[in-house]
Amino acid sequence: MSVTTAHETDVLRRQDPQLAEILLGELSRQSTTLQLIAAENFTSPAVLTALGSPLANKYAEGYPGARHHGGCEIVDVAERLAIDRATALFGAEHANVQPHSGSSAVLAAYAALLRPGDTVLALGLAYGGHLTHGSPANFSGRWFDFVGYGVDAETGLIDHDQVRTLARAHRPKAIVCGSIAYPRHMDYAFFREVADEVGAYLIADAAHPIGLVAGGAAPNPVPYADIVCATTHKVLRGPRGGMVLCGAELAGRVDRAVFPFTQGGAQMHTIAAKAVAFGEAATPAFAAYAHQVVANARVLAARLAAEGLAVTTGGTDTHLITADPTPLGVDGRTARGRLAAAGLVMDCCALPHGDSRGLRLGTAAVTTQGMGEPEMEQIGALMARVLRAETDSAGTREEVRELTGRFPPYPG
Ligand SMILES: *Cc1c(COP(=O)(O)O)cnc(C)c1O
């Protein structure tokens, strides 16, 4: 892979030993601790090669065949390939592969459909909505009038009755379905029905599950939503970036919303890496991977529940698990710190009942490493021991090292 081959590392080490040290240190951290952050993954060496390629040098404002710069004939082919692979993979009429991130994709979706001051209905931030779903600290909360729906405090499931009631009362211009922490499938048909009833656009922010969709392990929002926003770096396992999928009738508005409205020159190295990732995601091996991600998450969730954690919604349909560790006598923030010290890296998140922080974790990265159900049992047991403070972190760190040593993310 580009930054870690012996030769390239030698070049960097000679020219900039300080940076070489940082790159190798991070590779070592990723290889010797467990990456359980639900939004993270290990891209392939092919994706890293595209990212580290001379395409990074190319300026390419505009779209293939209609650029503001010369010399785009080769990068045009890369972007067309990325678009064709994305539309084929997700069954979409149109794809824009230029958004620099998931947030940029959401910004473009709003820019394509909304005007400042419009009302938008989205999952509230306290229930797993993303910053771009109306946080006062984000452009979305400043420029639009967000109304938040929630989840049932008991079941943790999206309160569909409330969604319908709020939609009827507020007549939003758009409804957003998508979350950073919801472990179950979204009922896209339900959201479509409500959007139709009140004359709203439906925006699916599928940043998390889009990789499962690619592998046939989660329902596809494309047939239901007017616009689907996504990231390319979560379960999908591509480069850090975003994309927008839509029907032919919104294609022009979406493209103008990305460039020139909200972005400048496209990052052609990232777009080439997205094309590589879409190609990988279309293989039977990736479909097997996506199903294994879910199988692993189910086993890990069940183990955590058996160990006494309160697993939100009682389990998961996806790669993502949220759980309250307080039954083991430790709050979410303390839990995250204690687990990190033991080499198990994950996040905190809001919980449905709202009075404490929980743990949020996912199985995308460990599954890429080749881990299966037995390793999930081991990780669940390890987490419980750490949370109950039954082992010192040095002992757990050693067990984590042994486990990651058997499943290196980048062998060799
Ligand atoms: C990850 C995520 C985003 C943002 O992606 P970035 O690349 O971090 O900007 C947006 N929405 C949802 C639901 C997400 O999970």
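Whatever order the structure lists them in is the order used to number ligands and atoms, beginning at 1.
- A distance-only check finds no donor-acceptor pair linking the side chain of T283 to the backbone of G279 [under 3.5 Å].
- At under 3.5 Å, a nitrogen or oxygen of D205, whether backbone or side chain, sits near a nitrogen or oxygen of ligand 1.
- Ion pair D324/R357 not flagged as a salt bridge, since none of the NZ, NE, NH1 or NH2 atoms sits closer than 4.0 Å to an Asp/Glu carboxylate oxygen.
- By the 6.0 Å contact criterion, CD on E21 is open, its count of non-hydrogen atoms from other residues, nucleotides or ligands being 12 or less.
- Checked for salt-bridge contact, D159 and R164 miss the test: no charged N lies under 4.0 Å from a carboxylate O.
- Heavy atoms from both the backbone and the side chain of S103 come within less than 4.0 Å of ligand 1.
- Scanning H100, H233, H208, K234 for the heavy atom closest to atom 14 (C) of ligand 1 points to K234.
- Assignment of S179 to the shell around ligand 1 is supported, since a heavy atom sits closer than 4.0 Å.
- Residue-ligand proximity, G102 to ligand 1, at heavy-atom distances under 4.0 Å covers atoms 4 (C), 5 (O), 6 (P), 7 (O), 9 (O).
- Of the protein's heavy atoms, H130 NE2, 3.4 Å lies nearest to atom 3 (C) of ligand 1.
- To the nearest 0.5 Å, the span separating OH on Y149 from CG on L123 amounts to 5.0 Å.
- Ring planes of H160 and F190: parallel class, angle under 30° (limits at 30 and 60°).
- Here's the thing with I180: none of its N/O atoms is less than 3.5 angstrom from an N/O atom of ligand 1.
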